[in-house]
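Notes follow once the structure below has been shown.
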Amino acid sequence: MAYKPELLVTASTIDELKLLAEAGADAFVIGDSRFGTRLAGSFTEEMIREAVAFASPQGKSVYVSMNNLISNERLMELPGFVTFLHEAGVNAIIFGDPAVLMAAREHAPGTPLHWNAEMTSTNFATAEYWARRGATRYVLARELNMEQIEDTKAKSDMQIQVQVHGMTNIYHSKRYLVDSYLEHQSDGRQLGGNGREQGLFLTEAERPGEHFPIFEDEGGTHIMSSDDICMLENIHELLAVGVDSFKIEGILKPAAYNEAVVKAYRKAIDAYMSDPAAYTFEEEWLEPIREKQDPNRELSYGFFYKEQVY
Amino acid sequence: MSATVTTAPRYQGKRHRLDRPELLAPAGNLEKLKFAVHYGADAVYIGGQKYGLRSNADNFSFEEMKEGVEFAKQYGAKVFVATNIYAHNEDIDGISDYLRKLEEVGIAAIIAADPIIIETAQKVAPGLEVHLSTQQSTLNWQAVKFWKDEGLPRVVLARETSFQEIAEIKQHVDIEIEAFIHGAMCSSYSGRCVLSNHFTDRDSNRGGCCQSCRWKYDLFQGEEQLNGEGQDAFTMGSKDLCMIQYLPELIEVGVDSFKIEGRMKSIHYVATVVNVYRQAINAYFNDPQGFEVKQEWIDEMNKAANRPLNTGFFLDAPGAEDHIYGPEEKAAPYDFAAIVLDYDDRTGFAKLQQRNHFKPGQEVEFVGPGGTFFKQTVTELTDMDGNPLDAARHPMQEVRVRTLKPVKAMDMMRKKIR
């Protein structure tokens, strides 16, 4: 089958989804915050239906993220929700917890399954373990590098998805750490919730200028990276490897920013695909992203060219 | 920690295979293994040279494992090996050989998080039991059932599970459940933290964790710094877990294995903590109705503690009082001073191996398995030829000390430091 890379982006609302479709996205990650964590926004069942109704006729895909660590309490709601997704005709369910896999196999037979255990999805052999249990796509941990991505594609026939733009989660706790800390401070300060709308971030003395967003939601406390991955300049390297899906993470970003990002990657991918041999990166593709980039957040290559020790 | 206990709900659950829970202790090296077993652990878990999450620890060679297994066998105890990394592509080759070797040296079980390690063990080393590591952050009974269906005899639950959730899991799935009951805790979901990767290029899920959760941070909202002048900095660091006061609840809910954290901890720490839980578990089974937590157990725990203690997620979600803001005070007012190698009941002198500076005039305590305990002042201290010493200065130095009561090999001597 001919290589057809997918440009995938998160959407926080139906309006953003439509905007990003217009900008050139092929597929969308959405979800319901009862089952998905760190979603760009939470979609009700009605919104999910609307998203499918909008995307499907255009040949675009809607993936529903159920990447939460599931509690006993939520477990009871799984069959109903998964059955709904199956009937709504979503194009894939994204899972990390085996409980979601089991529910999907039983209640959404035939719906493709994407394995995404976040930072613990670190090798092809484990991805294939999940493939033998029904997964069709492997969402690579963001801490892997180019060599490992290449090696994965060489060793496995699974579809692979790589995040090429945006922030990443670097710490997830079930504890309410901001709340605990504010309570510890005796001045009685309350922020009226410590959600993502509060614009909270951490800094660390040895890392001046780096802002690590922190927020709480029903899943606990999340700390995010201080930089935004941006692989636009080197997207051809990933296209040459044959990465199946290029993901743009839009969490904590305005829709206009995500729109600019989608447009830029669309341009680069189309240019490459029309003639890989003649492809050259045009600096000007990056300009609209730079213009809208938060000055406190660097664009970086993430872990793509890093060697880690342990 | 005090003896005041808030009540915990009592749940009745059934242990899967055992009539009483297994006490599972960490052992960072062969000597620690021996002490853990001698002080009453039913099983110990260790790290090998590869695939474990404590890349800085003094990990076991296969030869040492063999010796550890032999030693443990004399006490009827088992040895488990933590192979709990999340593997990367380059780690895959070699897993089979390593696991076969573990089986060959007599290891009873591996503790694994990565499914590829689990599956490989099942294929190539069927004599090894596979226990699912807490690194999988398993919280719900359906996931536990999944792993049971995959052939695993035991799941180590996420440290975020409460008594109630454990009871629910026990009701739904007939499988061994292991739970951490003591020691340091990740404040994140285990495995769901890459702070080390981002801050220091060290891979936390392959053993490179540099404990960034215990660093100090400034918290901002926009331009405004929320930790003002003179206020404690923000941190994610948690107090350490200690469940001694809820031992009956843990037993009754049906937890099969009580796990103590700390492969990096000292002999003194491991032996002291194991000693207390061993006594408490035995006391409960001797007389469940009359069981009471003894103050002396709590005192012992406090002497080994590295940090303030709490009860994690067992009773309710941790809050402000469960994290360590401000400077970390050293909790224990005692230092490990020596190990007893031998005792001569003719002379009343014990042969000791020095582990920390001590000298005549200092107040010390001798502690042994099963709660043997006495205090004394160091009076006569000599070298091995009987020449008086003014101090035991050198690490591992062998000396003689007159003891008030008979002691036994592997008893410990600790000194009061404040």
Side-chain angles (χ1 to χ4, degrees), chain A residues 69-72 74-75 78 97-99 101-103 118-120 122-126 129-130 143-144 148 151-152 155 170-185 187 189 191 198-205 207 211 214 220-221 223 225-226 303 306-310, chain B residues 55 86-92 113-116 119 135 137 139-143 145-147 158 160 165 168-169 187-189 191-195 197-199 201-203 205-208 213 215-222 226-227 231-232 234 236 238 313 317-320 322-323 325:
Chain A
L69 293 163
I70 305 291
S71 64
N72 282 342
R74 278 278 177 259
L75 218 45
L78 273 183
D97 194 312
L101 174 77
M102 290 171 91
E118 303 289 324
M119 49 272 261
T120 68
T122 50
N123 74 76
F124 80 97
T126 299
Y129 172 97
W130 292 112
E143 291 73 28
L144 299 179
Q148 290 165 322
D151 187 57
T152 297
K155 287 178 173 156
I170 63 175
Y171 173 97
H172 179 193
S173 176
K174 192 183 179 184
R175 298 159 185 261
Y176 289 101
L177 293 165
V178 177
D179 199 51
S180 293
Y181 175 69
L182 293 177
E183 192 190 323
H184 167 76
Q185 285 187 314
D187 56 8
R189 176 196 285 272
L191 300 175
Q198 295 289 345
L200 298 168
F201 63 88
L202 299 177
T203 63
E204 202 274 323
R207 289 157 184 81
H211 294 182
I214 180 169
T221 305
I223 302 176
S225 62
S226 64
F303 286 88
K306 268 188 193 169
E307 200 63 59
Q308 293 177 79
V309 295
Y310 52 93
Chain B
S55 57
Y86 279 102
H88 285 211
N89 288 4
E90 61 269 27
D91 302 317
I92 304 295
D114 194 321
I116 196 59
E119 194 179 51
Q135 290 295 109
S137 283
L139 295 169
N140 70 73
W141 63 262
Q142 194 69 261
K145 184 173 179 299
F146 173 88
W147 294 112
E160 286 77 8
E165 289 167 325
E168 289 161 7
I169 289 167
S187 60
S188 69
Y189 280 114
R192 297 305 181 90
C193 170
V194 286
L195 293 175
N197 305 56
H198 278 259
F199 291 162
D201 289 341
R202 292 173 62 86
D203 189 359
N205 281 330
R206 284 191 293 175
C213 62
W215 297 0
K216 305 297 180 200
Y217 299 85
D218 292 323
L219 176 64
F220 284 84
Q221 183 174 37
L226 299 182
N227 53 310
Q231 286 184 312
D232 290 329
F234 178 89
M236 295 82 94
S238 169
F313 281 85
D322 297 301
H323 297 94
Y325 304 105

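We name chains A, B, ... by the order of the sequence lines, and we start the count at 1 in each one. Only heavy atoms go into these numbers, but all of them, side chains included; no hydrogens, no water, no symmetry mates.
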_Part of B/Phe199 within contact of chain A (heavy atom distance under 4.5 Å)_ =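 Its backbone and side chain both get close to chain A.
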
Do you know which of [options] has the most heavy-atom pairs with chain A at a distance under 4.5 angstrom?
| options | value |
| --- | --- |
| B/Asn197, B/Asp91, B/Asp232 | B/Asn197 |
| B/Asn227, B/Asp322, B/Ile169 | B/Asn227 |
| B/Lys216, B/Glu90, B/Gln135 | B/Glu90 |
| B/Asp114, B/Asp218, B/Leu226 | B/Asp218 |

*Heavy-atom check, side chain of B/Tyr86 versus side chain of A/Thr126, under 4.5 Å*: no

*asked:* Would you say that A/Leu69 contacts B/Arg192 through its side chain, given a criterion of any heavy-atom pair below 4.5 Å between the two side chains?
replied: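 Yes, at least one pair of side-chain atoms sits under 4.5 Å.
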
*Check step by step if side chain to side chain contact (heavy atoms under 4.5 Å, CB included) holds for A/Tyr171 and B/Met236.*
CA-CA 10 Å; A/Tyr171 173 97; B/Met236 295 82 94; 3.5 Å; yes

I need the [X] [atom1] to [Y] [atom2] distance, nearest 0.5 Å.
| X | Y | atom1 | atom2 | value |
| --- | --- | --- | --- | --- |
| A/Gln308 | B/Asp203 | CD | CG | 5.0 Å |
| A/Glu204 | B/Leu195 | CD | CG | 10.5 Å |
| A/His184 | B/Gln231 | NE2 | CD | 8.5 Å |
| B/Glu160 | A/Arg175 | CD | CZ | 7.0 Å |
| A/Thr122 | B/Ile116 | OG1 | CD1 | 11.0 Å |
| A/Thr203 | B/Tyr217 | OG1 | OH | 10.0 Å |

_Partner set under ring-ring contact (aromatic ring centres under 6.0 Å, His included) for B/Tyr189, not counting sequence neighbours_ = A/His172

*Go through the structure and list residues passing ring-ring contact (aromatic ring centres under 6.0 Å, His included) with B/His323, not counting sequence neighbours.*
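Scan of B/His323 (ring-ring contact (aromatic ring centres under 6.0 Å, His included), adjacent residues dropped) gives none.
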
*Is it true that the side chains of B/Asn205 and A/Thr120 contain a donor and an acceptor less than 3.5 Å apart?*
no

_Between A/Asn72 and B/Glu168, do the side chains contain a donor N or O and an acceptor N or O under 3.5 Å apart?_
yes

*Please step through side chain to side chain contact (heavy atoms under 4.5 Å, CB included) for the pair A/Asp97 and B/Phe146, ending with a clear verdict.*
CA-CA 10 Å; A/Asp97 194 312; B/Phe146 173 88; over 6 Å; no

With no hydrogens and no angle check, is any side-chain donor or acceptor of [X] less than 3.5 Å from a backbone partner on [Y]?
| X | Y | value |
| --- | --- | --- |
| B/Asn140 | A/Ile70 | yes |
| A/Asn123 | B/Ala87 | yes |
| B/Gln221 | A/Gln198 | yes |
| A/Ser173 | B/Ser187 | yes |

Structural part of [X] lying under 4.5 Å from a heavy atom of chain B:
| X | value |
| --- | --- |
| A/Leu101 | side chain |
| A/Lys174 | both |
| A/Met119 | both |

What is the minimum heavy-atom distance between [X] and [Y], and which atoms define it?
| X | Y | value |
| --- | --- | --- |
| B/Trp147 | A/Pro98 | NE1-CG, 3.8 Å |
| B/Phe234 | A/Ile214 | CZ-CD1, 3.7 Å |
| A/Ala99 | B/Ala143 | CB-N, 4.1 Å |
| B/Ala320 | A/Ser180 | CB-O, 3.2 Å |
| A/Tyr310 | B/Gly207 | CB-C, 4.4 Å |
| A/Arg207 | B/Trp215 | NH1-CZ3, 3.6 Å |

*Between A/Tyr181 and B/Tyr325, what is the ring plane arrangement, given parallel below 30°, perpendicular above 60°, and tilted in between?*
tilted

